[in-house]
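Structure first, then comments.
Sequence lines set the chain letters: A, B, ... in the order given, protein chains first and strands last, and positions in each chain run from 1. No hydrogens, no waters, no symmetry mates; every other heavy atom, side chains included, goes into these values. Small disclaimer: the values here were computed from a predicted structure and weren't measured.
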There are 2 protein chains.
Amino acid sequence: MSESKHWTLKSIAKQLGVSNATVSNAFNRPDQLSEKRRTEILAACKELGYFGPNKAAQSLRRGKFDTVALVLSDSIEYMVSDPVASRFMKGVAAVFEQHKINLLLFSGSADSVNSINDFVDGFICYGRPRNRLLAEQLKKIRKKVVTVDFNIHRSASVSIDNKAGAYEVAKLAIKSPNDHVAILGLRLLDTHLTCRVYDIHSMEIDTSVAHQRLQGYLDAISDTGVKLGDDRIWNIPESNSDFASIAAKEALNSVPRPNVFLCMSDLIALSLMREAIQQGIRIPEDIRVVGFDGIDEAARMLPALTTVYQHSEQKGRKAAEMFIADAHHAELLGYELSIGGSC
Amino acid sequence: MSESKHWTLKSIAKQLGVSNATVSNAFNRPDQLSEKRRTEILAACKELGYFGPNKAAQSLRRGKFDTVALVLSDSIEYMVSDPVASRFMKGVAAVFEQHKINLLLFSGSADSVNSINDFVDGFICYGRPRNRLLAEQLKKIRKKVVTVDFNIHRSASVSIDNKAGAYEVAKLAIKSPNDHVAILGLRLLDTHLTCRVYDIHSMEIDTSVAHQRLQGYLDAISDTGVKLGDDRIWNIPESNSDFASIAAKEALNSVPRPNVFLCMSDLIALSLMREAIQQGIRIPEDIRVVGFDGIDEAARMLPALTTVYQHSEQKGRKAAEMFIADAHHAELLGYELSIGGSC
DNA sequence: CTGTTAGCGCTTTCAC
DNA sequence: GTGAAAGCGCTAACAG
């Protein structure tokens with residue numbers, strides 16, 4: 001096997017003594033030439049080391065790329081280690097792999113989709129991109145867009161009823177009007193800081209997941225007759241244990257110590273539980289904790305975390321399927337309460 | 001703001017009354033025209049809604065894509081939820097994001113890289129692809145390739161000394177020549193089954209991670225004077241708890257029950273520990289367990305798992321940096337013993 | 001069924 | 001400084 005030359009459609013056609021179109025047809029349109037001729041040509045190409053039309057040129061010509069960008073809400077770096085995002089990606093990947101569609105990962109903190117827009121057939125956006133410019137740009141994109149956990153005018157979307165889920169799980173945690181409730185919120189504020197949220201009304205009322213969940217909690221609080229102090233809401237910038245444990249410590253040491261903790265993600269809830277256990281605080285005797293998401297580790301915790309299980313993988317599959325089907329509606333997926341010993 | 005037309009370099013040049021080259025230069029080669037002219041043109045383009053040269057066409061022309069394929073050892077679906085792979089991806093993503101290089105995920109169980117070869121500047125391969133055809137193809141690729149945890153003749157590579165790590169951790173676990181040792185191996189056999197490995201010599205001796213680790217274990221076993229029964233090695237096809245718990249049950253119930261378990265991944269070790277705890281077997285009194293990888297959950301387990309911590313994220317960064325630098329050497333990264341209460 | 005040809009949208013010599 | 005023109009490698013319409 002000699003150093004094979006760099007073949008192009010043109011050069012291979014000349015070599016075989018046929019026209020370009022014939023070679024192109026042999027690869028792309030079986031019906032345009034005799035079966036015999038086709039297999040002959042394909043065999044000859046393989047023999048010579050030509051593995052088919054250059055995909056980049058083909059795509060440029062056709063305007064089709066068989067590649068979809070998965071726009072994450074945050075940097076790839078961060079998202080890839082988030083268990084909920086991972087499961088979502090798993091679902092997307094499973095469907096796309098089957099359809100031979102390539103997956104391009106794209107950061108939600110990038111300034112613009114320009115650098116990839118010309119390479120992809122469209123976008124699946126997992127969560128509102130942290131960078132607002134990106135979010136704005138997405139609205140104007142002339143390609144297929146499926147959004148997940150947020151909405152853009154007219155594009156297809158998939159999400160769950162966060163408000164209802166939050167409401168239900170909060171109702172489970174709050175047992176009496178005298179409970180002291182704390183809310184450990186995720187990305188309530190557009191900041192990278194762990195801090196308290198003193199003025200709810202200063203937050204933008206948008207369609208983001210965080211605000212939907214918050215609304216659910218607040219409704220439950222109000223319905224149970226609990227009074228929520230104005231320093232009982234924390235903002236955690238990212239769902240990871242470093243940020244979460246800071247808020248957890250602060251909340252556990254605040255006076256009076258809350259006995260009910262509504263956490264906007266399981267990772268946050270687990271951090272809180274670990275911190276509490278370390279301080280000798282008993283769960284659920286001294287404090288009750290609920291989370292959101294339903295990650296594996298939550299079920300393995302002792303006591304198991306009571307949480308809202310969302311079908312992240314199915315969400316991913318759904319998003320991918322909607323992309324492929326060029327759907328334009330909004331899909332609302334179900335969730336399940338997963339009841340553990342934490343409340 | 002009216003429905004902006006679909007501009008191309010050509011059409012925008014005509015509109016502005018300048019030549020194509022001038023517009024192209026304005027975007028790509030600032031030195032080829034006066035600063036004044038350049039900013040004028042750029043401003044005009046922005047005004048009209050032309051955001052720069054089409055990337056697909058640009059790439060076709062230049063033969064450069066600013067995109068790298070990350071070829072995983074298994075399906076994307078599976079890899080994305082593996083904590084070790086995730087951390088690796090995190091490292092890769094961090095470096096590439098900084099260099100504005102896009103990341104295309106590619107499945108190691110695909111038949112060929114043909115579908116993406118023409119879209120990328122090269123490949124980073126995380127682990128030997130499960131599909132042998134793919135692995136073969138990679139060897140012949142005419143583009144940059146960096147391999148991780150395995151080698152291909154002449155390409156750059158990064159890995160750790162698996163054999164040494166396995167040896168050290170096994171030495172920690174084995175306390176006496178009378179210990180009964182079991183090995184829970186990961187991907188020792190090319191099968192999707194959880195089963196025992198009766199004939200070590202039937203396995204291919206290759207450079208794969210699994211075999212290096214096995215060699216380390218066997219050396220430690222031999223050095224400590226332990227006798228390893230010929231039915232004491234299990235093969236687990238994937239590092240996930242479903243497969244692992246099957247092997248764990250089998251091993252725990254085998255007679256005589258082993259008191260030392262050498263596990264080729266933390267996920268396997270944790271499954272084993274959970275199974276043992278459930279059966280009322282005490283760790284480390286009744287059995288001793290060691291893992292490999294150093295995932296977060298291992299440190300949080302009670303007792304904490306003794307394991308070989310590898311710097312997966314750094315591995316990812318290193319691989320990305322080597323790709324960018326077009327390195328051609330083999331890099332060996334360090335590891336650390338992480339000592340917990342499991343042995 | 002086969003061959004010619006005009007682009008897809010761009011970059012880059014090369015002459016002006 | 002600028003503009004004309006030749007491709008990058010391919011597809012699809014059209015004529016034969």
Side-chain angles (χ1 to χ4, degrees), chain A residues 5-42 44-45 48-67 114-121 142-143, chain B residues 5-42 44-45 48-67 114-121 142-143:
Chain A
K5 120 167 211 188
H6 180 67
W7 293 106
T8 68
L9 185 81
K10 224 171 180 170
S11 71
I12 200 96
K14 180 175 276 180
Q15 171 75 25
L16 299 182
V18 299
S19 86
N20 309 348
T22 306
V23 178
S24 174
N25 285 332
F27 279 98
N28 305 313
R29 310 201 294 188
D31 51 313
Q32 297 295 297
L33 72 178
S34 69
E35 184 54 33
K36 179 162 167 291
R37 196 121 183 63
R38 179 162 179 265
T39 40
E40 268 172 30
I41 291 178
L42 258 30
C45 286
L48 290 169
Y50 177 71
F51 301 110
N54 179 294
K55 300 291 176 185
Q58 195 171 51
S59 289
L60 175 62
R61 183 59 230 251
R62 288 182 167 157
K64 183 123 196 324
F65 298 86
D66 295 328
T67 298
N114 272 348
S115 68
I116 53 159
N117 191 20
D118 298 329
F119 282 120
V120 301
D121 295 327
R142 265 186 258 266
K143 301 193 169 186
Chain B
K5 125 169 206 184
H6 179 67
W7 294 106
T8 69
L9 184 80
K10 222 171 182 172
S11 71
I12 200 100
K14 179 175 275 179
Q15 171 76 24
L16 300 182
V18 298
S19 88
N20 310 348
T22 307
V23 178
S24 174
N25 285 332
F27 279 99
N28 304 314
R29 312 201 295 187
D31 51 312
Q32 297 294 300
L33 73 177
S34 70
E35 183 55 32
K36 180 162 166 291
R37 196 122 183 62
R38 179 161 179 269
T39 41
E40 270 172 27
I41 291 178
L42 256 32
C45 286
L48 291 169
Y50 177 70
F51 302 110
N54 179 294
K55 301 291 176 185
Q58 196 171 50
S59 289
L60 175 62
R61 185 56 230 252
R62 289 181 167 159
K64 182 123 194 330
F65 299 86
D66 295 328
T67 298
N114 272 348
S115 68
I116 54 161
N117 191 22
D118 297 329
F119 282 120
V120 300
D121 296 327
R142 266 186 258 265
K143 301 195 171 186

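As rounded to whole Å, 18 Å separates atom P of D/dC10 from atom NZ of A/K64. With rounding to whole Å, B/I12 atom CD1 is found 13 Å from C/dG9 atom C1'. Atom pair A/R61:CZ and C/dA6:P shows a separation of 13 Å (rounding to whole Å applied). Rounding to whole angstrom units, NZ of residue A/K10 and C1' of D/dT11 are separated by 13 Å. We find that CZ of B/F65 is positioned 17 Å from P of C/dG9, with the value rounded to whole Å. One interatomic measurement links the two molecules: CD of A/E40 to C1' of C/dC1, which rounds to 14 Å at whole-angstrom precision. Straight-line distance from the CG atom of A/D118 to the C1' atom of C/dG9: 9 Å, rounded to whole Å. In this entry the distance linking CZ of B/R62 with C1' of C/dG9 reads 13 Å, nearest Å.
Mapping B/A57 and A/Q58 onto DNA chain D via the closest heavy atom, the residue that lands nearer the 5' end is B/A57. For the pair B/R29 and B/N54, both in contact range of DNA chain C, the more 5′-proximal nearest nucleotide belongs to B/N54. Taking for each of B/L60 and B/E35 the nucleotide of DNA chain D with the nearest heavy atom, the 5'-most of the two is the partner of B/E35.
Across D/dG1, C/dT4, C/dT11, the shortest atom-to-atom separation from the side chain of B/L9 is found for C/dT11. Side chain of A/L33, nearest nucleotide from D/dT11, C/dT11, C/dC1: C/dC1. For A/P53, the side-chain atoms get nearest to D/dT11 when compared with the rest of D/dT11, C/dT11, C/dT12.
Between B/R38 and D/dG1 there is no side-chain polar atom (N or O) within less than 4.0 angstrom of OP1 or OP2. Distances shorter than 4.0 Å separate none of the side-chain N or O atoms of A/N25 from OP1 or OP2 on C/dC1. A close approach under 4.0 Å does occur between a side-chain nitrogen or oxygen of A/S19 and OP1 or OP2 of C/dG3. Using a 4.0 Å cut-off, some side-chain N or O of A/S24 falls inside it from OP1 or OP2 of D/dT11. Within the 4.0 Å cut-off from OP1 or OP2 of D/dT2, at least one side-chain nitrogen or oxygen of B/R37 is found. Residue A/T22 places at least one side-chain N or O under 4.0 Å from the OP1 or OP2 atom of C/dG3.
Once rounded to the nearest 0.5 Å, the distance linking CG of A/N25 with CZ of A/R37 reads 11.5 Å.
If you check every strand for non-hydrogen atoms under 4.0 Å, A/S59 touches nothing. Residue-level contact check: B/Y50 touches the backbone only, with heavy atoms under 4.0 Å from sugar-phosphate atoms and none from bases. Residue-level contact check: B/N28 touches the backbone only, with heavy atoms under 4.0 Å from sugar-phosphate atoms and none from bases.
Counting heavy atoms from C-beta outward, B/L16 and B/L48 have side chains that approach closer than 4.5 Å. Here the side chains of B/R62 and B/N28 are in contact, with some heavy-atom distance below 4.5 Å. Between B/T8 and B/N54 the shortest side-chain heavy-atom distance does not fall below 4.5 Å. You'll find the side chain of B/F65 stays beyond 4.5 Å of the side chain of B/D118, heavy atoms only.
Proximity of a side-chain donor or acceptor of A/K55 to a complementary backbone N or O of B/F119 within less than 3.5 Å is not detected.
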